[in-house]
Amino acid sequence: MAAGPPAASNYDEGAITVLEGIEAVRKRPGMYIGGTGTDGLHHLLWEIVDNGCDEAQNGHATTVTVTLHADGSTCTVDDNGRGIPVGMHKKGVSALEVVFTVLHAGGKFGGGSYVTSGGLHGVGASAVNALSSKLEVKVRRDGQTWFQEYRRGRPKEPVKAVGPARGTGTTVTFTPDTQIFEDTIYDADRIAKQLEVKSFLHRGLRIVFRDQVRGQTHEFKHDGGVSDYLAVSVKRAEARRIVDATFEVEREGEVSVELAAGWTDAPRERLLSYVNGIPTPDGGTHEQGWRDALGKAVRAFVEAHQLQPRGLTLTADDLREGVFAVLSVRVREPQFQGQTKGRLNNPEVRGALDGVLRPALEQWLHDNRSVGEAIVARAAQAARARIASREAEASVRRKTATSGRMALPGKLADCSSSNPDECELFLVEGDSAGGSAKQARDRKVQAVLPLRGKVLNAEQATLKKVLENEELNNVVQALGCGVGSEYRADKLRYGRIILLMDADSDGHHIATLLLTFLYRFMPQLIQDGRVYLALPPLYRINVGKQTFWALDDRDRKRIVSKLRTSAKPEITRFKGLGEMPPKTLFETTLDPDSRRLLQVTLEEPIKTNNVVTDLMGKDPAPRYRFIMERSAEVDPEELDL
Ligand code: TSJ
């Protein structure tokens with residue numbers, strides 16, 4: 001009889017499984033947390049936070065506290081729940097240790113079931129542990145404080161009691177591993193934003209964020225849950241409600257549903273959807289279920305009360321226009337789909353939601369008849385706007401197609417070439433900068449269109465209104481490619497559209513308004529990578545015979561600190577593009593050989609839909625950030641065109 005390898009003991013088997021698990025996670029972090037960039041880094045935190053929120057969702061915790069430590073990297077998450085069970089699981093290992101060391105420790109133990117959130121989350125605390133250079137957990141239970149710490153996923157010693165405890169709860173502190181992540185510094189604004197969303201989705205849960213980097217504490221608590229979220233999102237989008245009433249549903253079941261919907265004058269639909277507290281920006285079966293319900297319930301109301309508008313057919317889109325809704329569902333085994341796992345794919349959810357939401361909405365409309373009538377009138381208005389848009393699109397096409405150059409705006413300084421592949425259109429803020437650009441440009445291939453008047457916020461406007469705005473109408477005429485469904489890429493007169501604005505908040509504002517317009521009415525232009533932001537310098541730095549250009553204060557400091565000379569640099573700050581001599585403007589901003597451009601890109605059209613709606617609110621600060629973030633996505637080195 002041949003001798004086999006010696007049989008491993010049960011204990012060794014467990015230890016080997018753990019080490020293999022840690023290795024698997026560290027080798028392919030992307031499989032568990034989506035990547036090792038900043039998204040993956042933040043996933044670590046959400047994984048832990050969601051476990052605390054789940055304990056609250058199940059009715060056992062009232063407060064979750066998140067602390068970002070002063071190093072900007074270490075996080076502590078604490079809840080006042082029951083405390084993770086610490087009893088012996090099997091093979092002499094504590095249940096607590098299993099949670100933090102065994103991959104997908106999602107099974108049942110200790111009588112209760114350990115349910116995590118699913119999706120990219122729900123990979124378990126063990127994956128977070130494996131990707132942290134250090135992690136510590138403290139559990140308060142049965143009057144004791146239990147403790148264990150780990151290095152890169154491996155326990156230093158068994159779970160031990162370290163002292164008495166008042167109350168119960170779980171506290172986890174982890175430091176993301178610099179060996180794994182490109183950058184281990186957290187974005188406190190991003191954390192605060194996401195925690196706010198979580199506080200809406202967990203009605204009544206108190207979430208405290210202690211940002212020790214900036215020394216600030218934020219507290220989020222919303223007893224109104226998704227209805228509060230709806231109110232905030234309507235307000236932030238600066239939409240006006242056409243009826244005060246909010247349609248609300250809360251239902252427990254195989255598929256649990258919370259929904260709040262309101263009707264506004266905004267010329268589009270806005271749906272914020274979540275599954276088990278995780279955003280689903282790409283929609284899915286739950287969104288379909290809500291849309292089915294909305295369409296059928298309103299149509300049934302129209303039928304029942306003979307409210308069909310004369311001469312108009314209401315489409316499904318008409319019925320949804322202006323509807324803001326927050327939809328939060330809880331599903332036992334969610335299946336997420338798509339590259340970023342942003343879409344729910346469980347087929348049963350569609351029917352389940354329609355089944356819950358449609359009768360509820362029908363009843364609500366029936367009980368609030370005047371509200372229902374206003375909603376139908378809103379849909380009729382959407383239908384009329386849709387028809388007007390088609391006519392406006394057709395009229396733009398007729399103007400640009402038949403009259404050719406004659407239809408070009410008077411303010412446009414066109415280029416002489418008519419080959420779009422080599423032509424560029426600069427959209428320039430202000431007449432004086434426009435004048436400099438006209439003088440400085442290469443007349444053969446560079447056209448300049450100065451924008452002086454007010455650019456309309458296209459987020460809140462129909463196409464008809466947009467075309468009544470002189471500045472935007474000029475842009476449409478100059479581009480020649482039509483708008484909306486009449487967009488024709490082959491009619492585009494310029495291969496590149498370059499936004500040239502001052503590097504101040506007004507400039508950022510105008511750039512954002514233009515991007516919003518292009519995104520809404522010519523999205524293909526952006527999708528095709530034809531839209532760019534020019535980066536005019538803010539400073540000129542002269543040292544001896546050398547000249548440097550700095551984009552901003554940081555750039556200026558960087559350049560000055562690198563100068564290897566004792567001579568004092570002579571620094572000029574440009575107050576605006578209009579002040580820059582044409583020759584300087586050409587060299588720094590127009591000349592393809594020396595300028596810097598940023599390409600505007602769309603990663604996820606659907607996500608961006610929401611981003612634009614969010615950022616077109618009153619507060620200029622987020623707008624500024626929108627542009628800076630978009631810009632930062634492109635490495636200037638790659639874009640030297
Ligand atoms: F992710 C994690 F494991 F690191 C983590 C878990 C992090 C944080 C901040 C909290 C938690 C967590 C887990 N808080 N509360 C719990 N609860 C349980 O694990 C628990 C407690 C009691 C029972 C029971 O049946 O008695 C069952 C469970 C699953």
Heavy atoms of Ala325 and Leu259 approach each other most closely as CB-CD1, 4.4 Å
By side chain to side chain donor-acceptor pair (under 3.5 Å), Thr173 pairs with (sequence neighbours left out) Thr76
Apply salt bridge (charged side-chain N to carboxylate O under 4.0 Å, His left out) to residues Asp228 and Lys221 and explain how you reach the verdict. CA-CA 10 Å; Asp228 284 3; Lys221 184 169 180 291; over 6 Å; no
Over 60° means perpendicular and under 30° means parallel, so classify the ring planes of His42 and Tyr186, tilted if in between.
-> perpendicular
Between the OG atom in Ser133 and the CZ atom in Arg152, the distance rounded to the nearest 0.5 Å is 5.5 Å
Point to revise | Any Phe336 side-chain heavy atom under 4.5 Å of Thr280 side chain | key: yes
Test side-chain hydrogen bond (donor to acceptor under 3.5 Å, both in side chains), reference Asp78, set Arg140, Arg210, Lys138, output is Arg140
>> How about CZ on Arg151, more than 12 heavy atoms from neighbouring residues, nucleotides or ligands closer than 6.0 Å, or not?
In response: yes
Any salt bridge between Glu248 and Arg203, counting N to O under 4.0 Å? no
Fill in: Asp244 CG: over 12 foreign heavy atoms closer than 6.0 Å
no
Tell me, with the steps shown, if Asp187 and Lys193 meet salt bridge (charged side-chain N to carboxylate O under 4.0 Å, His left out).
CA-CA 10 Å; Asp187 176 347; Lys193 255 191 211 158; over 6 Å; no
Worksheet entry | Exam field: side chain Ser256 to backbone Val329, donor-acceptor pair closer than 3.5 Å | no
Walk me through whether Arg343 and Glu287 qualify under salt bridge (charged side-chain N to carboxylate O under 4.0 Å, His left out).
CA-CA 10 Å; Arg343 189 195 347 269; Glu287 290 200 353; over 6 Å; no
Checklist line | Between Thr62 and Asn80, a side-chain donor and acceptor under 3.5 Å | finding: yes
Q. Between Asp177 and Leu131, is there a donor-acceptor pair closer than 3.5 Å when you use the side chain of the first and the backbone of the second?
A. no
For His202, the side chain to side chain donor-acceptor pair (under 3.5 Å) test, sequence neighbours excluded, returns Gln57
Flag, side chain of Thr168 to backbone of Gly81, donor-acceptor distance under 3.5 Å: yes
query: With no hydrogens and no angle check, is any side-chain donor or acceptor of Gln337 less than 3.5 Å from a backbone partner on Gly342?
result: no
Between Phe220 and Ala192 the two heavy atoms that sit nearest each other are CZ-O, 3.5 Å
Thr178 and Thr184 side chains, donor-acceptor separation under 3.5 Å: no
Heavy-atom nearest pair, Ala161 first then Trp146, reads N-CE3, 3.7 Å
Note: Leu357 and Phe247 closest approach over all heavy atoms is O-CZ, 4.1 Å
When every non-hydrogen atom of Asp79 is compared with those of Gly52, the smallest separation belongs to OD2-CA, 3.5 Å
Apply side chain to side chain donor-acceptor pair (under 3.5 Å) to residues Thr285 and Arg350 and explain how you reach the verdict.
CA-CA 5 Å; Thr285 51; Arg350 181 171 181 173; over 6 Å; no
Check: Just by distance, do the side chain of Asp183 and the backbone of Thr38 share a donor-acceptor pair under 3.5 Å?
Finding: no
Next on the checklist: What I'd like to find out is whether the side chain of Tyr150 reaches to under 4.5 Å of the side chain of Ile22, using heavy atoms alone.
Outcome noted: no
Q) Should Val197 and Tyr229 count as side-chain neighbours, where that means a heavy-atom distance under 4.5 Å? A) yes
Check step by step if side chain to side chain contact (heavy atoms under 4.5 Å, CB included) holds for Lys198 and Ile207. CA-CA 8 Å; Lys198 288 193 189 299; Ile207 301 182; 3.9 Å; yes
Exercise. Start with the C-alpha distance between Arg241 and Leu230, add both sets of side-chain angles, then the distance that settles side chain to side chain contact (heavy atoms under 4.5 Å, CB included), and finish with yes or no.
Key: CA-CA 11 Å; Arg241 295 230 200 188; Leu230 174 72; 3.8 Å; yes
Find out whether Leu205 and Val64 are in side-chain contact, i.e. whether some heavy atom of one side chain is under 4.5 Å from a heavy atom of the other. yes
Problem set entry | Any donor-acceptor N/O pair, Asn345 side chain to Gly284 backbone, under 3.5 Å | no
Would Glu149 and Phe147 satisfy side chain to side chain contact (heavy atoms under 4.5 Å, CB included), going step by step from the backbone distance to the final call? CA-CA 7 Å; Glu149 71 175 300; Phe147 175 81; 3.8 Å; yes
CD of Glu97 to CG of Asn129, rounded to nearest 0.5 Å, is 10.0 Å
Heavy-atom count check: over 12 atoms from other residues, nucleotides or ligands less than 6.0 Å from Arg251 CZ? no
Min side-chain heavy-atom separation Arg320-Leu294 under 4.5 Å: yes
Are the charged groups of Arg190 and Asp39 less than 4.0 angstrom apart, N to O?
-> yes
Heavy atoms of Val213 and Ala70 approach each other most closely as CG2-O, 4.0 Å
Assess whether a salt bridge exists between Asp54 and Arg330, defined as any Lys/Arg side-chain N lying under 4.0 Å from an Asp/Glu carboxylate O. no
Rounding to 0.5 Å, atoms OH (Tyr32) and CZ (Arg28) come to a distance of 8.5 Å
Problem - Beyond-backbone contact of Lys296 with Asp354, side-chain heavy atoms, under 4.5 angstrom - result: yes
Rounded to the nearest 0.5 angstrom, the CD-CZ distance for Glu348 and Arg332 is 11.0 Å
Does Val102 offer a backbone N or O that forms a donor-acceptor pair with the side chain of Ser126 under 3.5 Å? yes
Notebook entry, point to check: Any side-chain heavy-atom pair from Ile191 and Trp46 closer than 4.5 angstrom?
Noted result: yes
Q) Hey, are the side chains of Ile180 and Pro176 touching, using non-hydrogen atoms and a 4.5 Å cut-off? A) no
Taken to the nearest 0.5 Å, the spacing of Asn51 CG from Ile84 CD1 works out to 7.0 Å
dist Arg82:CZ -> Asn58:CG (nearest 0.5 Å) comes out at 6.5 Å
Q. How about Arg214: does its CZ atom have over 12 heavy atoms from other parts shown lying under 6.0 Å from it?
A. yes
task = In sequence, state the C-alpha distance, the side-chain angles, and the governing distance for Arg270 and Val234, and then conclude on side chain to side chain contact (heavy atoms under 4.5 Å, CB included).
result = CA-CA 9 Å; Arg270 172 123 160 102; Val234 167; over 6 Å; no
